[in-house]
Amino acid sequence: MGTVAILVTDDDAPSNWDVYEAGLACVVFGIDHSDLADPWYELRLCGLNPAAPRAKHGWTLNPEHGLEGLHGADTILVPSVPQAVLDGTAPLDPLLVKELQDASANGVRIAALCNGAFVLAEAGLLDGRRATAHWSYTDRLARRYPQVQVDGEVLYIDDGDVLTSAGAAAGLDLCLHLVRQDFGAHVANQLARRLCVPAHRTGGQAQFVTRHVPDTDDDSVAPVLEWAARHLDRPLTVAGLARRAGMSERTFFRRLYEATGSTPLRWLLAQRIAHAQSLLEKTPLSVEQVAQRCGLGTGTNLRRHFTTHVGVTPTDYRRAYHA
């Protein structure tokens, strides 16, 4: 699926958060996962200064390429923002602005992790678009760039050729979303399992959720959700899942939202759609059979929900992965 270029934007010592965000992208795109899909990505680490800036505690980011490494990339990831740009005390380096603007004009997919959204906004790439960033900085993003439609409630936003994510783990969600776009749900789910993270958190889930830490495992909704994910072909209901969890419907609704940032019905629909994607990729089942296996009942119902959430019909989706 081509070349992914990570753009290191800070010439000074990167923070530990900068290293963390860049590391997420390196784990997904820089490690050889060709046993899942072959060929895998080629990764380039690019920056204004290909020297080795130092971070706290001895961590380093050592770009092997200058900005010329961005040329020819299929995807550019911006995992961080210079602190002075974030604070509003300095503009983004004009060389970075031009490179990003040229890449965008050439149709390159550009994604920002966490507060890398400030870099994209400074370059004008978010004008008129929905975008997000770490929840603690979205108000600042909205004030500084009023032409950007900032949504501080979601994990990530896919606006076609420009994508943005919230902070920390949401950056990994966005990276897995890109893998899902490129290789399909099955490969993305296998990679998520390898990384010991949830297979699919939709971008619309809340990025800041008050999480209840149960005293015992009996209070957790996780076992019920795992059971539901294994039985998506059944007519699952909120009432039935609540009974299985030993909770009232109201308590189950609240606990599930605290754990996932999603309502029960939205969570179930997301699981059904993801299972349908996997079946369309891996099996010759008809659309009607896929609908029954994922619990959406009829082909008509599957087509309606699938087209709404994925953007293409099930048939077109399958065709794209078996061309």
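Quick caveat, the model's predicted, so the values are computed rather than measured.
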- [ ] Compute the centroid of each ring, for Phe183 and then for Tyr41, and state whether the two points are separated by less than 6.0 Å.
- [x] yes

Task: Side chain Asp93, main chain Leu95, donor-acceptor under 3.5 Å - done: yes

Task: Under 3.5 Å: donor-acceptor pair, side chain of Thr3, backbone of Leu43 - done: no

Task: Heavy-atom check, side chain of Phe252 versus side chain of Pro264, under 4.5 Å - done: yes

Task: Thr263 side chain to Arg266 backbone, donor-acceptor under 3.5 Å - done: yes

Task: Where Thr9 and Ser80 come nearest, the two heavy atoms and their spacing - done: OG1-O, 3.2 Å

- [ ] Kindly indicate whether the side chain of Asp161, heavy atoms from C-beta on, has any atom under 4.5 Å from the side chain of Val108.
- [x] no

Task: Least distance between heavy atoms, Ala188 atom then Leu176 atom - done: CB-O, 3.9 Å

- [ ] Drop me the distance from Leu191's CG to His186's NE2, to the nearest 0.5 angstrom.
- [x] 11.5 Å

- [ ] Determine yes or no for a side-chain-to-main-chain donor-acceptor pair under 3.5 angstrom, with Asn106 supplying the side chain and Asp102 the backbone.
- [x] yes

Open item on the list: Quick check: closest heavy atoms across Ile157 and Val154, and the distance to 0.1 Å?
Closed with: CG1-CG2, 3.6 Å

- [ ] Show your working on salt bridge (Lys or Arg N to Asp or Glu O under 4.0 Å) between Arg130 and Asp151 and close with a plain yes or no.
- [x] CA-CA 7 Å; Arg130 287 181 66 233; Asp151 187 344; 2.9 Å; yes

- [ ] Please list, chain by chain and in numerical order, all residues satisfying side chain to side chain donor-acceptor pair (under 3.5 Å) with Asp35, sequence neighbours excluded.
- [x] Arg194

Open item on the list: Angle between ring planes, His309 versus His305, binned at 30° and 60°: parallel, tilted or perpendicular?
Closed with: tilted

Open item on the list: Counting only heavy atoms not in Arg230 (residues, nucleotides, ligands), do more than 12 fall under 6.0 Å from its CZ?
Closed with: yes

Open item on the list: Pairing donors with acceptors under 3.5 angstrom, does anything connect the side chains of Asp87 and Thr89?
Closed with: no

Open item on the list: Measuring from atom CG of Leu120 to atom CD1 of Ile76, what distance do you get when rounded to the nearest 0.5 angstrom?
Closed with: 9.5 Å

TODO: Mark yes or no for whether Asn189, through its side chain, and Ala185, through its backbone, hold a donor-acceptor pair below 3.5 Å.
DONE: yes

- [ ] Please report the shortest heavy-atom distance between Trp267 and Ala229, naming the atom on each side.
- [x] CH2-N, 4.4 Å

TODO: Determine yes or no for a side-chain-to-main-chain donor-acceptor pair under 3.5 angstrom, with Glu281 supplying the side chain and Arg318 the backbone.
DONE: no

TODO: Not counting sequence neighbours, which residues clear side chain to side chain contact (heavy atoms under 4.5 Å, CB included) with Tyr137? List them please.
DONE: Leu86, Asn115, Phe118, His134, Arg140

- [ ] Can you measure from CZ (Arg180) to CG (Asp182) and round to the nearest 0.5 angstrom?
- [x] 11.0 Å

Open item on the list: Using a 3.5 Å distance criterion without hydrogens, assess whether the side chain of Arg244 forms a donor-acceptor pair with backbone atoms of Val224.
Closed with: no

Open item on the list: Can you see whether Thr313 engages Asp316 through a side-chain donor-acceptor pair at a distance of less than 3.5 angstrom?
Closed with: yes

TODO: Starting at CD1 of Ile273, measure out to CG of Leu232 and round the result to the nearest 0.5 Å.
DONE: 10.5 Å

Open item on the list: Using modelled atom types and a 3.5 Å cut-off, is there a donor and acceptor pairing between side-chain atoms of Gln271 and backbone atoms of Leu268?
Closed with: no

Task: Arg272 side-chain N/O to Cys294 backbone N/O, donor-acceptor pair under 3.5 Å - done: yes

- [ ] To the nearest 0.5 Å, tell me how far Glu99 CD sits from Ile110 CD1.
- [x] 10.5 Å

Open item on the list: As an exercise, state the distance from CD1 of Ile6 to SG of Cys46, rounded to the nearest 0.5 Å.
Closed with: 8.5 Å

Open item on the list: Check whether Thr307 reaches the backbone of Arg303 with its side chain - one donor and one acceptor, N or O, closer than 3.5 Å.
Closed with: yes

- [ ] Could you check Val85, Leu92, Val97 and say which one makes a side-chain contact (heavy atoms from CB on, under 4.5 Å) with Val119?
- [x] Leu92

TODO: Report yes or no: do Leu285 and Phe306 belong to one cluster of Ile/Leu/Val/Met/Phe/Trp/Tyr joined by side chain heavy-atom distances under 4.5 Å?
DONE: yes

Open item on the list: With heavy-atom distances below 4.5 Å as the criterion, would you say the side chains of Gln181 and Arg109 are in contact?
Closed with: yes

Open item on the list: So for atom CZ, which belongs to Arg293, do other residues, nucleotides or ligands contribute more than 12 heavy atoms lying within a distance under 6.0 Å?
Closed with: no

Open item on the list: How close do Ala112 and Ala117 get, counting heavy atoms only, and between which atoms?
Closed with: CB-N, 3.4 Å

Task: Shared hydrophobic cluster, Leu236 / Phe253 (ILVMFWY, side-chain heavy atoms < 4.5 Å) - done: no

Open item on the list: Between Asp159 and Arg129, does the salt bridge (Lys or Arg N to Asp or Glu O under 4.0 Å) criterion hold? Intermediate values first, please.
Closed with: CA-CA 7 Å; Asp159 197 36; Arg129 295 179 183 262; 2.8 Å; yes

